[in-house]
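By convention here, the first residue in the shown sequence is residue 1. Reckoned from all heavy atoms, side chains included, excluding hydrogens, waters and symmetry mates.
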Amino acid sequence: MTGRPTNWAGNITYGAARFHRPADVERLQELVASSDAVRALGTRHSFNEIADRPGGDLVSLEDLPGAPELDPARGTVTVGAGVRYGELSRWLHGEGYALHNLGSLPHISVAGACATATHGSGDANGNLATAVAGLELVTADGEITFLDRERDGDRFAGAVVGLGALGIVTRVVLDVVPAFEVRQYVYENLPWAALEEHFEEITSAAYSVSMFTGWNGPVIDQVWVKRRDDDPGAWEPSPRWLGAVAAPADRHPLPDMSAVNCTAQMGVPGPWYDRLPHFRLGFTPSSGEELQSEYLLPRRYALDALRALDGIRETVAPVLQISEIRTVAADALWLSPSYGRDVVAVHFTWKQDWPAVRRVLAVVEEALEPFEARPHWGKLFLTPPDRLASLYERLPDFRKLAAGLDPAGKFRNPFLDDHVFAGELPS
């Protein structure tokens with residue numbers, strides 16, 4: 001790799017001394033074995049320094065073999081870690097299969113999304129990492145280790161959301177389901193009173209539901225409802241719903257942006273991979289003028305937390321582009337923000353002004369402090385290490401797992417030292 005790469009938003013310039021794009025796993029093994037400090041670089045969609053390794057080696061997985069291998073008998077697909085969800089999804093659909101969920105953007109890599117517990121939406125849908133059934137990774141000695149959900153049990157649950165601290169993932173085994181179609185509907189101007197009275201009804205109305213707000217007034221600007229065609233349930237679209245009005249045309253989450261790059265709406269049926277994300281596979285995002293933060297909190301606190309945020313909307317709105325509210329099902333992955341609890345995720349897409357965003361984040365985190373809000377690992381947050389430790393009960397177990405696989409701290413970096421290992425020195 002030439003030049004000094006940045007992340008997707010351009011707010012992080014990576015400080016690694018050397019950049020590599022190995023074309024095969026054998027070369028990756030050599031790199032890892034000979035390096036004192038190394039990290040893997042995915043599709044660069046993190047907004048903090050989680051992927052960087054200042055002064056060390058940074059390895060892109062983009063050129064590693066990634067061709068998917070389907071196992072219909074087991075109901076899984078094995079794929080290269082650097083493959084993007086959009087590429088995998090189209091191939092899977094052609095074979096008659098699907099993944100249970102997708103993130104807002106189909107352009108992110110499988111390994112990076114799973115390692116940070118990136119999610120989608122849906123009351124009954126776990127985050128993307130919950131589909132992982134197996135991991136192949138190169139550990140600190142350059143050897144290949146394979147972890148299996150059934151064989152490795154609790155240890156496996158600790159490794160899936162590994163934040164890159166355990167090794168460099170080379171292949172991932174994912175659960176698949178039969179392919180399905182989805183119809184997407186958008187409603188506008190949901191009254192705040194309706195949100196409070198019908199929150200459970202709204203989020204459970206369909207397979208996946210997202211709400212967007214600019215925190216500018218007593219309304220939710222848009223509600224995106226993604227209904228599986230083979231499971232319509234009790235909810236049926238109508239011109240008005242709980243006081244909201246059906247959008248007369250396709251919408252972008254940002255009201256002043258064209259919907260041309262968004263997935264089709266208006267109830268037009270389409271394959272799962274072209275409806276569950278908000279943005280189309282054919283649209284490749286460039287470096288965007290935005291910053292992102294996200295907090296996931298127990299569902300039982302949802303309305304209290306949203307009221308708290310509404311109470312500071314005059315502080316939030318001037319620095320905000322848009323905020324998204326989603327639900328994610330509980331899981332058993334140690335460092336997942338959904339570990340042990342169904343959650344509500346509140347996402348913030350900020351203007352690209354870090355000093356202003358930092359000031360607002362302090363206010364947001366103070367408002368959410370009573371509600372056990374866990375920040376998304378790949379986005380911007382101020383949560384101190386002692387607070388993070390109190391929010392992740394399996395963090396001590398994760399530290400032990402990391403010490404066993406990486407005793408010299410080869411895969412650690414300043415971000416992990418500050419936020420996960422809380423000042424511990426590698427043994």
Side-chain angles (χ1 to χ4, degrees), residues 5-15 43-52 54 103-105 108 112 116-119 163 210-217 220-222 252-257 278-279 285-297 305-326 337 343-385 387-388 391 413-416 418-420:
T6 68
N7 66 338
W8 179 79
N11 68 305
I12 300 292
T13 299
Y14 298 115
T43 46
R44 310 183 197 179
H45 203 259
S46 293
F47 290 79
N48 57 38
E49 298 90 349
I50 192 170
D52 200 9
S104 300
L105 285 172
I108 55 179
T116 53
T118 296
H119 55 92
L163 309 182
S210 291
M211 294 175 273
F212 293 94
T213 177
W215 299 105
N216 286 309
I220 296 297
D221 301 332
Q222 298 177 7
H252 190 285
L254 291 171
D256 57 345
M257 294 287 289
H278 300 328
F279 298 97
S286 61
S287 180
E289 293 187 358
E290 66 184 65
L291 301 174
Q292 293 184 12
S293 301
E294 186 168 30
Y295 299 90
L296 298 92
L297 51 104
L306 295 177
R307 292 184 194 110
L309 291 172
D310 188 55
I312 59 170
R313 67 188 187 201
E314 292 183 0
T315 300
V316 171
V319 189
L320 186 70
Q321 294 195 45
I322 199 67
S323 184
E324 182 177 6
I325 302 164
R326 291 174 281 184
V343 299
V344 171
V346 185
H347 181 275
F348 300 89
T349 299
W350 306 106
K351 297 175 182 177
Q352 200 174 59
D353 182 349
W354 173 235
V357 170
R358 185 183 179 91
R359 289 192 293 270
V360 173
L361 278 182
V363 179
V364 168
E365 292 192 2
E366 182 180 10
L368 293 178
E369 196 276 336
F371 308 117
E372 302 173 19
R374 296 168 175 164
H376 189 298
W377 289 109
K379 302 184 180 180
L380 295 167
F381 60 88
L382 305 177
T383 312
R387 178 63 175 163
L388 282 173
L391 293 169
N413 65 1
F415 178 92
L416 294 178
D418 289 345
H419 297 97
V420 176

For this session: Check whether any side-chain heavy atom of H376 lies under 4.5 Å from a side-chain heavy atom of F381, and answer yes or no.
Result: no
Exercise. What is the distance from atom OG1 of T349 to atom CZ of F47, rounded to the nearest 0.5 Å?
Worked result: 7.5 Å
For this session: Kindly indicate whether the side chain of F212, heavy atoms from C-beta on, has any atom under 4.5 Å from the side chain of P253.
Result: yes
Problem set entry | With sequence neighbours excluded, residues passing side chain to side chain contact (heavy atoms under 4.5 Å, CB included) with P384 | D386, R387
Problem set entry | Pairs where residues 309-318 contributes a residue and the test salt bridge (charged side-chain N to carboxylate O under 4.0 Å, His left out) is met, not counting sequence neighbours | D310-R313
Exercise. Residues two or more places apart in sequence or in another chain: which of them pass salt bridge (Lys or Arg N to Asp or Glu O under 4.0 Å) with R374?
Worked result: none
Exercise. Quick one: does P54's side chain get under 4.5 Å of P414's, heavy atoms only?
Worked result: yes
For this session: Kindly indicate whether the side chain of I12, heavy atoms from C-beta on, has any atom under 4.5 Å from the side chain of T6.
Result: no
Exercise. Donor-acceptor pair, S323 side chain versus H347 backbone, under 3.5 Å?
Worked result: yes
For this session: Identify, with sequence neighbours excluded, every residue that meets side-chain hydrogen bond (donor to acceptor under 3.5 Å, both in side chains) alongside T116.
Result: T118
Problem set entry | Distance (rounded to the nearest 0.5 Å) between H419 NE2 and L163 CG | 11.5 Å
For this session: Could you tell me which residues satisfy side chain to side chain contact (heavy atoms under 4.5 Å, CB included) with S46, sequence neighbours excluded, listed by chain and number?
Result: N48, I50
For this session: Just jot down the side chain to side chain contact (heavy atoms under 4.5 Å, CB included) partners of A356, sequence neighbours excluded, or say none.
Result: V319, D353, R359
For this session: Applying side-chain contact (heavy atoms from CB on, under 4.5 Å), run through I322 and F348 and close with a yes or a no.
Result: CA-CA 6 Å; I322 199 67; F348 300 89; over 6 Å; no
Exercise. How far does CG of D221 sit from OG1 of T213, to the nearest 0.5 angstrom?
Worked result: 4.5 Å
Exercise. Are any of the side-chain heavy atoms of L361 and W354 separated by less than 4.5 Å?
Worked result: yes
For this session: For R307, enumerate each residue passing the salt bridge (Lys or Arg N to Asp or Glu O under 4.0 Å) test, keeping only those at least two apart in sequence or located in another chain.
Result: E196, D304
For this session: Output all residues satisfying side-chain hydrogen bond (donor to acceptor under 3.5 Å, both in side chains) with E49, sequence neighbours left out; order by chain, then residue number.
Result: none
Exercise. Taking all atoms of both residues into account, what is the closest heavy-atom pair of P337 and V343, and its distance?
Worked result: O-CG1, 3.7 Å
Problem set entry | Euclidean distance, D52 CG relative to L416 CG, rounded to 0.5 Å | 11.0 Å
Problem set entry | pair E290-K351: side-chain heavy atoms closer than 4.5 Å | no
Exercise. Do the rings of W8 and H45 sit parallel, tilted or perpendicular, given the 30° and 60° boundaries?
Worked result: tilted
For this session: For N11, enumerate each residue passing the side-chain hydrogen bond (donor to acceptor under 3.5 Å, both in side chains) test, keeping only those at least two apart in sequence or located in another chain.
Result: N7
Exercise. With E372, which residues qualify under salt bridge (Lys or Arg N to Asp or Glu O under 4.0 Å), at least two apart?
Worked result: R300, R341
For this session: For the pair E365 (side chain) and T383 (backbone), establish whether a donor and an acceptor sit closer than 3.5 Å, ignoring hydrogens and angles.
Result: yes
Exercise. Tell me, do L380 and P375 make a side-chain contact under 4.5 Å, heavy atoms counted?
Worked result: no
Exercise. Who pairs with E324 by side-chain hydrogen bond (donor to acceptor under 3.5 Å, both in side chains), at least two apart in sequence or on another chain?
Worked result: S210, H278, R326
For this session: Check side chain to side chain contact (heavy atoms under 4.5 Å, CB included) between A345 and all other residues, then give those that pass, not counting sequence neighbours.
Result: H119, E294, L296
Exercise. Between F371 and L306, is any pair of side-chain heavy atoms under 4.5 Å apart?
Worked result: no
Problem set entry | Check: L291 main-chain N/O paired with Q352 side-chain donor or acceptor under 3.5 Å | no
